[in-house]
Amino acid sequence: MPTLELVDIWKSFGKVQVLKGVNLRVEEGEFVVLLGPSGSGKTTLLRIIAGLEIQDKGHVKIGEKIVDDLTPRERNVAMVFQNYALYPHKTVFENIALPLQTRKMKKDEIESKVKEVAGLLEIEGLLDRYPRQLSGGQQQRVALARALVRRPQLFLLDEPLSNLDAKVRITTRTFLKKLQKDLKITTIYVTHDQSEAMALADRIAVIHEGLVQQYDNPLNLYEYPANEFVAGFIGSPPINMIAARSEKGKIKLLNGELKTYVDFEGEVKVGIRPENIKISEDGQLSGKVLVIEPLGSESIITIVADSQEIKVKTSPEIKVKIGEDVKLRIDKFLVFKEGKLVYPTPSALQPITP
């Protein structure tokens with residue numbers, strides 16, 4: 001399977017600039033997710049890769065070839081849409097076979113390829129049914145089969161799991177990741193769901209306002225977000241972002257302070273993920289319990305400190321009451337200056353001891 005390279009891609013619709021110079025390289029066999037909020041430009045970028053939209057500026061390279069002037073069919077890419085786009089009057093077999101029929105392949109060859117891909121996606125028992133007779137998860141697998149049966153160079157998916165219920169979505173997500181690794185097919189996947197992106201991707205391109213904010217593996221995005229937007233978009237519950245001040249090796253925030261090695265003074269933002277806060281008698285901050293959300297395996301507790309709400313993810317064994325005064329111990333935190341991460345960086349692997 002080939003690589004994909006996007007070189008300085010710009011795109012506008014009327015006066016709205018949707019993409020603003022996107023550069024991206026996807027390696028052979030890699031699973032890359034384009035992640036961002038609605039309107040960020042991720043679907044437009046996917047459609048440009050497919051040839052369904054033409055960029056105003058820049059180049060799309062598949063392998064060593066620039067494909068800007070090639071049609072979607074000539075690019076040999078397959079795309080699965082959010083609504084699956086199955087033909088209701090055709091059986092599952094006929095839906096899957098359609099791309100091969102348009103290539104005028106022989107009937108026995110079509111049958112062989114359809115049965116092969118149906119077996120791969122575990123839908124061989126559904127070939128005589130119509131889409132209306134299938135569950136959402138089954139329809140999604142039919143759409144995947146129709147895309148894969150032609151053995152495309154690139155596999156493009158636009159939020160294909162968003163119409164499924166939560167349980168089926170997780171099951172299908174696991175299946176899709178295994179399928180992609182087994183086939184070793186270069187895949188670009190669009191979603192606004194950061195949990196989905198983290199679970200599926202080898203690398204994630206976080207897109208916001210037409211720009212790639214960060215392009216990295218899931219762990220680095222989580223541990224070392226390049227800026228406040230990435231930090232806030234990755235993680236559930238979202239990161240706690242608190243205004244603070246760096247002074248003489250300390251970060252002063254709310255009603256306490258944290259030790260740090262940040263070598264400048266001035267206004268900063270401190271990002272603290274809910275799981276990195278402990279309710280403890282030796283905490284650096286103090287606050288009052290506002291809300292308790294028991295979720296079975298964990299609890300989300302909202303605490304107010306100096307009028308700032310702070311989310312804490314903790315074990316359900318930690319027992320507190322609404323209105324109770326507590327202390328918060330910060331085990332790990334991020335520091336942002338003018339919106340950009342300044343501590344820690346990937347080279348600063350030693351944790352801070354508060």
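Position 1 is the first residue of the sequence, and the numbers go up from there.
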Greater than 12 external heavy atoms within 6.0 Å of [X]'s [atom1]:
| X | atom1 | result |
| --- | --- | --- |
| Glu281 | CD | no |
| Lys115 | NZ | no |
| Asp128 | CG | no |
| Lys337 | NZ | yes |
| Lys65 | NZ | no |
| Glu338 | CD | no |
| Asp69 | CG | no |

Does any non-hydrogen side-chain atom of [Y] lie less than 4.5 Å from one of [X]?
| X | Y | value |
| --- | --- | --- |
| Thr187 | Leu154 | no |
| Leu258 | Gln284 | yes |
| Val230 | Ile234 | yes |
| Leu341 | Val335 | no |

Which Ile, Leu, Val, Met, Phe, Trp or Tyr residues join Tyr87 in one cluster when any pair of side-chain heavy atoms under 4.5 Å counts as a link?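 Grouped by the 4.5 Å side-chain rule, Leu98 form the rest of the cluster around Tyr87.
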
May I ask you to list the residues sharing a hydrophobic cluster with Leu290, side-chain cutoff 4.5 Å, ordered by chain and number?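 Members other than Leu290 - counting any ILVMFWY side chain reachable under 4.5 Å - are Val291, Val304.
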
Residue pairs involving residues 306-324 (criterion side-chain hydrogen bond (donor to acceptor under 3.5 Å, both in side chains); sequence neighbours excluded):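 For residues 306-324, and leaving out neighbouring residues, the side-chain hydrogen bond (donor to acceptor under 3.5 Å, both in side chains) pairs sorted by first residue read Thr302-Lys311.
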
In the single-linkage hydrophobic clustering (I, L, V, M, F, W, Y; side-chain heavy atoms under 4.5 Å), do [X] and [Y] co-cluster?
| X | Y | value |
| --- | --- | --- |
| Ile322 | Ile279 | yes |
| Leu52 | Ile54 | no |
| Leu179 | Ile170 | no |
| Val320 | Ile300 | no |
| Leu211 | Leu221 | no |

State whether the side chain of Ser299 and the backbone N or O of Leu295 hold a donor-acceptor pair below 3.5 Å, judged by distance alone.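 No, Ser299 side chain to Leu295 backbone: no donor-acceptor pair under 3.5 Å.
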
Counting distance only, does the side-chain N/O of Lys269 pair as donor-acceptor with the main-chain N or O of Leu334 below 3.5 Å?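 Judged by distance alone, no pair lies under 3.5 Å.
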
Is it true that the side chains of Asp282 and Ser280 contain a donor and an acceptor less than 3.5 Å apart?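 Distance-only check passes for Asp282 and Ser280.
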
If we ignore angles and hydrogens, is there a donor and acceptor under 3.5 Å between the side chains of Ser12 and Asp56?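 Looking only at side-chain atoms, Asp56 and Ser12 do form a donor-acceptor pair, the distance falling under 3.5 Å.
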
Lys/Arg N to Asp/Glu carboxylate O, [X] vs [Y], below 4.0 Å:
| X | Y | answer |
| --- | --- | --- |
| Lys57 | Asp8 | yes |
| Glu196 | Arg173 | no |
| Asp331 | Lys278 | yes |
| Glu94 | Arg146 | no |

Ring-face cation contact, Phe336 with Lys340, 6.0 Å cut, 45° max: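 No cation-pi geometry.
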
Check whether NZ of the Lys or CZ of the Arg Arg141 lies under 6.0 Å from the centre of the six-membered ring of Phe175 and within 45 degrees of that ring's axis.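 Yes - Arg141 lies over the ring of Phe175, closer than 6.0 Å to its centre and within 45° of its axis.
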
Full working for side chain to side chain donor-acceptor pair (under 3.5 Å) between Asn220 and Gln214: CA-CA 10 Å; Asn220 276 350; Gln214 189 171 355; over 6 Å; no

Which residue pairs pass the ring pair (Phe, Tyr, Trp, His ring centres under 6.0 Å) test when at least one of the two sits in residues 115-155, sequence neighbours left out?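 Residue pairs with at least one partner in residues 115-155: there are none.
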
Where at least one partner belongs to residues 23-45, residue pairs that pass ring pair (Phe, Tyr, Trp, His ring centres under 6.0 Å), sequence neighbours excluded: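 Listed once each, the pairs are Phe31-Tyr189.
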
Report the C-alpha separation of Gln213 and Asn227 in whole Å, then their side-chain angles, then the decisive distance to 0.1 Å, and conclude whether the side chain to side chain donor-acceptor pair (under 3.5 Å) test is met. CA-CA 8 Å; Gln213 304 291 318; Asn227 54 45; 3.1 Å; yes

Any residue meeting salt bridge (Lys or Arg N to Asp or Glu O under 4.0 Å) with Glu265, in chain and number order, not counting sequence neighbours: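 Applying salt bridge (Lys or Arg N to Asp or Glu O under 4.0 Å) to Glu265 gives none.
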
Using the side chain to side chain contact (heavy atoms under 4.5 Å, CB included) definition, which of the options Asn240, Val326, Ile303 pairs with Val312?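 For Val312, the side chain to side chain contact (heavy atoms under 4.5 Å, CB included) check succeeds only for Ile303.
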
